[in-house]
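Proteins get letters first, then strands, A, B, ... in listed order; numbering begins at 1 in each.
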Protein chains: 2
Amino acid sequence: MSNQPVNTKEKILDAARSMILNHGFAGTTVDAVIKQAGVSKGAFFHYFPTKNDLGYVLIQQYAEGDAKHLDGNMEKAEGLSDDPLQQLLIFVKLFEQEMKSLQEPFPGCLFASYLNNSELFDEKILGIIRESMLTWRTRIMDKLEEVIEKYPPRRKVDPESLADMMMVTFEGAFVLSESLEDSQIIAKQLAQYHLHLKLLFEKDE
Amino acid sequence: MSNQPVNTKEKILDAARSMILNHGFAGTTVDAVIKQAGVSKGAFFHYFPTKNDLGYVLIQQYAEGDAKHLDGNMEKAEGLSDDPLQQLLIFVKLFEQEMKSLQEPFPGCLFASYLNNSELFDEKILGIIRESMLTWRTRIMDKLEEVIEKYPPRRKVDPESLADMMMVTFEGAFVLSESLEDSQIIAKQLAQYHLHLKLLFEKDE
DNA sequence: TTTATTATACCGACCAGTTGGTATGTTAAC
DNA sequence: GTTAACATACCAACTGGTCGGTATAATAAA
């Protein structure tokens with residue numbers, strides 16, 4: 001599925017990413033990374049002035065991929081329906097399906113990994129994570145406000161919390177799936193969020 | 001609020017706990033712990049044969065406190081109503097209120113912290129975390145089955161996922177609250193879970 | 001009651017191995 | 001022949017952990 005990296009920098013990045021998700025940033029040594037990547041120490045410090053710079057590049061890449069993923073699925077959902085509620089439900093369903101068809105166990109979220117060592121990182125790195133989350137919040141909140149206007153919710157609801165709930169579902173499900181060694185938990189929890197939205201906004205038949 | 005520890009072992013445990021929540025286990029050095037605790041290196045290794053033994057005692061203590069907290073609030077809820085749905089709703093509300101009245105920022109969850117460095121720990125430690133989560137799942141699921149029998153849910157629902165959702169809400173909200181530096185997110189997300197249960201089981205007026 | 005014995009709770013210098021990082025190459029492309 | 005892309009040997013600081021020793025108190029033998 002994921003193709004092997006050919007160039008040295010990619011090899012380092014790939015090795016570091018997976019090791020950090022399993023050992024945390026502090027628990028991941030430069031020596032272990034270069035061994036796993038099959039490159040020399042000189043190569044490592046040729047591409048990354050310090051270990052922290054590696055951490056910075058990694059989280060930047062991750063945040064970029066995350067934003068693309070968010071945008072991609074939102075656009076896909078918007079292309080499949082004109083109704084804001086349906087768009088939102090499809091949006092959630094797309095992630096649910098991705099998670100359901102997962103082969104290997106979910107590798108984990110780099111945001112959560114970094115946040116669990118937050119005092120090791122500077123504001124620049126923490127800022128990237130915060131911005132990513134605020135992007136999710138804003139993106140979903142905007143859609144939610146369209147939905148609320150068109151479909152008066154069954155109960156008064158705070159759009160911000162309801163938007164946050166999607167990220168909370170992801171992050172929380174990652175933790176449970178790791179501990180209970182059951183990747184399907186993630187899809188199931190997204191299904192619960194999907195149901196929550198339906199219960200709030202859909203008319204009874 | 002929290003009283004200062006008087007004896008050496010408590011001082012070590014307290015210092016280590018808070019440092020691990022901020023730096024992760026690997027990022028927390030013995031030297032840093034003893035400095036923070038104000039004890040000598042000899043004292044540390046007098047009480048804990050290895051650093052990993054410290055980690056074990058910490059997670060054991062944490063799991064014990066967690067179980068007591070779960071039991072305490074469940075019993076309290078069961079004392080306040082005879083109806084299973086009300087009991088469950090009160091149970092959630094109790095946690096919500098605790099989180100709302102939080103003064104300092106929430107310190108974080110040791111389970112999640114350890115899980116983000118899962119490969120650093122042995123099966124004995126990981127097993128404690130898994131068991132704690134399975135206890136939550138079982139405890140809430142049992143209650144949910146009573147609820148489902150008495151109040152046919154508006155939609156067909158998987159009790160296991162619905163039970164897991166409470167832990168997911170906690171763990172996910174911890175991550176968001178850390179990143180966005182807003183402890184109130186935790187209470188707000190618990191309120192969403194509370195709402196989800198109401199929407200599923202309560203009759204419309 | 002005094003004294004010897006033992007256990008507990010610590011102290012801090014020290015150790016071998018590891019850490020992130022550097023210095024000094026070598027090789028190959030442009 | 002300059003520059004980018006590595007490789008290798010090396011370093012000082014730090015790592016978890018050890019070790020010999022001390023202070024205090026409980027216990028037991030005399």
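- For B/Phe45, counting side-chain heavy atoms from C-beta on, the closest listed nucleotide (C/dC10, D/dC6, D/dG16) is D/dG16.
- Atom NZ in A/Lys11 sits about 14 Å away from atom P in D/dA5, given to the nearest Å.
- Closest-nucleotide positions on DNA chain C for B/Val39 and A/Gly42 were compared, and the one nearer the 5' end corresponds to B/Val39.
- A sub-4.0 Å separation between OP1 or OP2 of C/dC10 and a side-chain N or O of B/Thr8 is present.
- Note: NZ (A/Lys35) to C1' (C/dG20) measures 18 Å, nearest angstrom.
- Separating the CG atom of A/Asp53 from the P atom of C/dG20 is a distance of 14 Å, rounded to the nearest angstrom.
- Judged by the 6.0 Å distance and 45° axis criteria, B/Lys124 is positioned over the aromatic ring of B/Tyr56.
- When rounded to the nearest whole Å, the span between NZ of B/Lys51 and C1' of D/dT18 equals 18 Å.
- Residue contacts shown for B/Lys41 include a base, since a base heavy atom lies under 4.0 Å away.
- For the residue pair B/Gln192 and A/Asp164, no side-chain donor N or O sits within less than 3.5 Å of a side-chain acceptor on the partner.
- Summarising the geometry, the separation between CZ on A/Phe48 and C1' on D/dA5 is reported as 14 Å, rounded to the nearest angstrom.
- Taking 4.5 Å as the limit, every side-chain heavy atom of B/Phe121 sits out of range of all side-chain heavy atoms of B/Ile129.
- Look at A/Tyr47 and you won't find any side-chain N or O under 4.0 angstrom from OP1 or OP2 of D/dA4.
- Distance check, rounded to the nearest 0.5 Å: CZ of A/Phe174 to CD of A/Gln189 gives 11.5 Å.
- Residue A/Ser40 is classed as a base contact, given a heavy-atom separation below 4.0 Å to a base.
- The shortest distance between the side-chain N/O atoms of A/His46 and the OP1/OP2 oxygens of D/dC6 is not below 4.0 Å.
- In this structure, CG of A/Asp31 is placed 14 Å from C1' of C/dT22, rounded to the nearest angstrom.
- Straight-line distance from the CG atom of B/Asn7 to the P atom of D/dT24: 19 Å, rounded to whole Å.
- Between B/Phe44 atom CZ and C/dA9 atom C1' the separation is 16 Å, expressed in whole Å.
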> Hey, mind stepping through A/Arg130 and A/Glu123 against salt bridge (charged side-chain N to carboxylate O under 4.0 Å, His left out) and telling me if it holds?
Replying inline: CA-CA 10 Å; A/Arg130 196 177 312 123; A/Glu123 195 47 45; 2.8 Å; yes
